[in-house]
Trainee: 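Here it is, the structure in full.
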Protein chains: 2
Amino acid sequence: MLMASPQLMTHSAKIFKALGHPSRLAMVHALCEGEKCVCELQELVGSDMSTVSKHLAVLREAKVVSDEKRGMQVYYSLRMHCVSTFIDCVENALKEEAS
Amino acid sequence: MLMASPQLMTHSAKIFKALGHPSRLAMVHALCEGEKCVCELQELVGSDMSTVSKHLAVLREAKVVSDEKRGMQVYYSLRMHCVSTFIDCVENALKEEAS
DNA sequence: TGGCTGTTTGGCAAAATAGCCAAGCAGTGG
DNA sequence: CCACTGCTTGGCTATTTTGCCAAACAGCCA
């Protein structure tokens with residue numbers, strides 16, 4: 001049996017966990033199109049700004065996204081690009097199942 | 001901005017969430033090679049049998065794995081095959097980062 | 001029947017997560 | 001300097017998740 005290092009599992013799991021919340025996933029989904037500022041993401045998910053900020057912190061820590069401050073706004077962009085492939089894949093699997 | 005349905009996000013997030021635990025991810029990782037019975041998976045993660053069973057229930061509910069009882073044992077196998085691609089992708093991203 | 005093995009379920013306490021409000025903080029402009 | 005905007009952080013409570021033990025349960029064999 002292929003034995004994977006526990007560290008790798010823990011680290012990978014952190015990434016999946018970060019994607020495992022509807023708001024965070026929706027934000028990442030949106031970021032697949034290109035960078036967005038926090039206010040745009042807030043509008044997307046409709047939660048309190050502080051909540052959105054904390055969600056983004058989770059994604060940042062998992063290194064799924066990166067942030068850059070320009071002027072008064074902070075822009076987030078997708079850092080782990082293959083996430084986009086994951087999302088498509090899961091969505092396709094769900095659509096197939098639904099049919 | 002591409003607008004995704006909240007239902008789809010919630011459903012997809014559930015799948016990512018299911019993968020977002022080191023033990024569950026390790027089990028799914030192992031199942032990429034082929035079906036395994038619960039006792040093999042227990043040995044892999046080293047937790048209490050009941051804990052393993054509950055983790056498997058989470059994966060089952062998310063439809064990431066399927067179960068089949070044969071004789072006295074229950075065999076689990078990967079149902080959402082693209083998960084295997086995800087894991088490779090994340091692992092590669094992590095390895096690149098480490099280097 | 002009764003006892004065994006492999007697995008699931010119930011129940012609980014500890015830990016982690018979510019989301020709101022309020023406060024803080026950096027950059028901008030009057 | 002002051003006030004304002006955009007965002008983050010602290011603090012709190014409610015909810016969810018985790019993981020153990022004990023109990024239940026199904027299939028097999030004596």
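Here is the naming used below: chain letters follow the sequence lines, and residue numbers restart at 1 for every chain. As a basis for the values below, the full set of heavy atoms in this structure was taken, side chains included, without hydrogen atoms, waters or symmetry mates.
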Trainee: Quick one: does NZ or CZ of B:R70 land under 6.0 Å from the six-membered ring centre of B:Y75, within 45 degrees of the ring axis?
Mentor: yes
Trainee: Counting distance only, does the side-chain N/O of B:E68 pair as donor-acceptor with the main-chain N or O of B:Y76 below 3.5 Å?
Mentor: no
Trainee: Treating B:E43 as the side-chain partner and B:E40 as the backbone partner, does any N or O pair qualify as donor plus acceptor under 3.5 Å?
Mentor: no
Trainee: Round to a whole Å and report the spacing from CZ of A:R70 to P of C:dT28.
Mentor: 13 Å
Trainee: Under the 3.5 Å rule, do the base of D:dC21 and the side chain of B:S50 count as making a donor-acceptor pair?
Mentor: yes
Trainee: Starting at the 5' end of DNA chain C, which residue's closest nucleotide do you reach first, A:D48 or A:K17?
Mentor: A:K17
Trainee: Are there any protein N/O atoms within less than 3.5 Å of an N/O atom in nucleotides 11-14 of chain D, and if so, which ones and at what distance?
Mentor:
residue : atom : partner : partner atom : Å
D:dG11  : O6   : A:K54   : NZ           : 2.4

Trainee: Could you tell me the separation between the CD atom of A:E68 and the C1' atom of C:dG27, rounded to a whole number of Å?
Mentor: 15 Å
Trainee: Heavy-atom distance under 4.5 Å between the side chains of A:L19 and B:L19, does that happen here?
Mentor: no
Trainee: Measure all distances between protein nitrogen or oxygen atoms and nitrogen or oxygen atoms of nucleotides 5-7 of chain D, and list the pairs falling under 3.5 Å.
Mentor:
residue : atom : partner : partner atom : Å
D:dC7   : OP1  : A:V38   : N            : 3.2
D:dC7   : OP1  : A:V74   : N            : 3.4
D:dC7   : OP2  : A:C39   : N            : 3.1

Trainee: It should be established whether B:R24 places a side-chain nitrogen or oxygen under 4.0 Å from OP1 or OP2 of nucleotide D:dT18.
Mentor: yes
Trainee: If you compare all heavy atoms of B:V52 against all heavy atoms of B:M27, which two are closest, and at what distance to 0.1 Å?
Mentor: CG1-SD, 4.0 Å
Trainee: B:E61 has an atom CD; how far is it from atom P of C:dT9, in whole Å?
Mentor: 10 Å
Trainee: Using whole Å, report how far CZ of B:R60 lies from C1' of C:dT7.
Mentor: 10 Å
Trainee: Relative to each other, are the rings of A:F86 and B:F16 parallel, tilted or perpendicular (30° and 60° limits)?
Mentor: parallel
Trainee: Are the side chains of B:V58 and B:K17 in contact, using a 4.5 Å heavy-atom criterion?
Mentor: no
Trainee: Once you round it to whole Å, what is the distance between C1' of C:dT7 and CE of B:M27?
Mentor: 13 Å
Trainee: Taking the side chain from A:R79 and the backbone from A:S66, do they hold a donor-acceptor pair closer than 3.5 Å?
Mentor: no
Trainee: Return the value, rounded to whole Å, for the distance between atom CG of B:L41 and atom C1' of C:dT8.
Mentor: 15 Å
Trainee: For the hydrophobic clusters of this structure (ILVMFWY residues joined by side-chain heavy atoms under 4.5 Å, transitively), does one cluster hold both A:M49 and A:L31?
Mentor: yes
Trainee: Does the side chain of B:H55 get closer than 4.0 angstrom to OP1 or OP2 of D:dG19 through an N or O atom?
Mentor: yes
Trainee: Do B:L41 and B:L56 have side-chain heavy atoms sitting under 4.5 Å apart?
Mentor: yes
Trainee: Is any side-chain heavy atom of A:R24 less than 4.5 Å from a side-chain heavy atom of B:M9?
Mentor: no
Trainee: Within the structure, does a side-chain N or O atom of B:H21 lie under 4.0 Å from either OP1 or OP2 of D:dG19?
Mentor: yes
Trainee: Could you tell me the separation between the CG atom of A:D67 and the P atom of D:dT8, rounded to a whole number of Å?
Mentor: 7 Å
Trainee: For Watson-Crick and G-U wobble pairs within 3.5 Å on both distances, what is DNA chain C written in dot-bracket notation, | included for inter-strand pairing?
Mentor: ||||||||||||||||||||||||||||||
Trainee: State, to 0.1 Å, how close B:S12 and A:E91 come at their nearest heavy-atom pair, and which atoms those are.
Mentor: OG-CG, 4.0 Å
